[in-house]
Amino acid sequence: MKVFKFGGASVKDAEGVKNVVKIIRAFPSKDLVVIISAMGKMTNAFEALMEAYTFKQDELRDSISKIKTFHFGIIDKLDLSKDSLERVEDIFSKLERRLERPHSDNFDYDYDQIVSYGEVLSTTIISSYLNENGVQCHWADARLIVRTDSSYREAMVDWGKTEALVEEEWAKVQPSHGTRRLMLTQGFIGHTPELTTTTLGREGSDFTAAIFSYVLKAEDVTIWKDVPGVLNADPKYFSDAVMLKRISYKEAIELAYYGASVIHPKTIKPLQNKGIVLKVKSFLNHEEEGTRIDVSTFSDSLVPSYIFKVNQILISFTPRDFSFVNEDNLSELFGYFVSNGIKINLMQNSALNFSICVDYDETKLERLMEKFSDRYEVFYNRPCELVTIRHYDQETISRLLIGKKVLVEQKSRNTARMVLMEG
Ligand code: ASP
Ligand code: MG
């Protein structure tokens, strides 16, 4: 069997839904589990609804009506039956009843109860369209299948329970026309042992695809995107970005770790553990090969990859009493970073100086200066960008440095990282 994952961009309008159905039809003899995200930018719209519900009641009407107009617009173009329309209306009635109740004092809990509707709506609409157009499909409710703990908005999967529930659901699916089994379910969402809805974190649908692949021992999983595959650079910054035809699980994790928006690193681990091939392909050209991610490291070093993080700040700490930067100082600094949500993108130290490169955040910077300025000289440079080059060579580095000043440079055998400023 195979697993497919379609993200919001692939189902942003009625044409997109039809295209997804075309791709599903192109694999008529394969058992398929299809994981789908909320349509278009609907998760952002639901986040805005959540803000309105909690903080700005006067914007609530407007927020919900935007979401309704969007979905009913698509339903209209798909020409769905009255039954299907009623099913969607029922979902909205439930949501509206929920929004009439006062919010709880747990924002993250409320968020999961409300934002999860994005996936429920998209899969309901798409499964209706499939079934009404001759593709028999089983709609499964991930809120009863993916078992998690109750860390709302970043729930941790209970693999044992989830495995049993996925298998149980898959066993219910009947082959359509005696050929294949097709199950459609939501990415991103799950449930606690008390049957409360949870979400797995933004971009969590890729991870859902990995969960189903792992449990059902898929031959491969395909993430369908609006790019031809995994690219060696963000085409926003590089007009000559090229596709990586094949990379290893390890390389994919490395790229994700340094900030490439490839696939969430959490997605790779379950696939690597069972040797399941991950394909990243374009939903616009479904016959193209795309990128293949598997165990082979053979092609990893063929093309250098560039990862840019912009809007960075380089902060340096020097103890005022001229003590070395030692474990005591570092443990105090790190304790502070952890409890204040400061994520380090790169760090470096010398005898009297400890530097970190982090995403710039004005409030966090002010607080940090206040906390440490009496005992450390705290300097900073901004705006900086952090560049990571995997499988670098001198030529690519020189090309990147034109017109830039290098503040920090770190090189290992495969990876060069630099904090740069306009020079
Ligand atoms: N819809 C969710 C999001 O936009 C999950 C996903 O698409 O992966 O983050
Ligand atoms: Mg996505």
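All of these numbers come straight from a predicted model, not from anything done at the bench. Atoms within each ligand, like the ligands themselves, are counted from 1 in listed order.
Ring orientation note: the planes of Tyr53 and His103 are nearly perpendicular, at an angle over 60° on the 30°/60° scale. Using cut-offs of 30° and 60° on the angle between ring planes, the pair Phe46 and Tyr117 is parallel.
Checked by distance only, ligand 1 and Glu203 come closer than 3.5 Å through their nitrogen or oxygen atoms. Residue-to-ligand polar distances place Ser205 within reach of ligand 1: an N/O pair is separated by less than 3.5 Å.
Taking a cut-off of under 4.0 Å to the non-hydrogen atoms of Glu119, the atoms of ligand 1 that pass are 1 (N), 2 (C), 5 (C). Below 4.0 Å from some heavy atom of Arg202 lie the following atoms of ligand 1, by number and element: 3 (C), 4 (O), 9 (O).
Across all non-hydrogen atoms, the minimal contact from Ala252 to Ile293 is CB-CG2, 4.1 Å.
Under a 4.0 Å heavy-atom criterion, Met42 is not in contact with ligand 1. Taking a 4.0 Å cut-off on heavy atoms, Gly204 registers as neighbouring ligand 1.
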| request: For the pair Phe337 and Ile356, evaluate side-chain contact (heavy atoms from CB on, under 4.5 Å) and give the outcome as yes or no after the intermediate values. | output: CA-CA 11 Å; Phe337 300 154; Ile356 55 170; 3.6 Å; yes
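Inter-residue side-chain proximity for Leu121 and Met39 is flagged as unmet; no heavy-atom pair is nearer than 4.5 Å.
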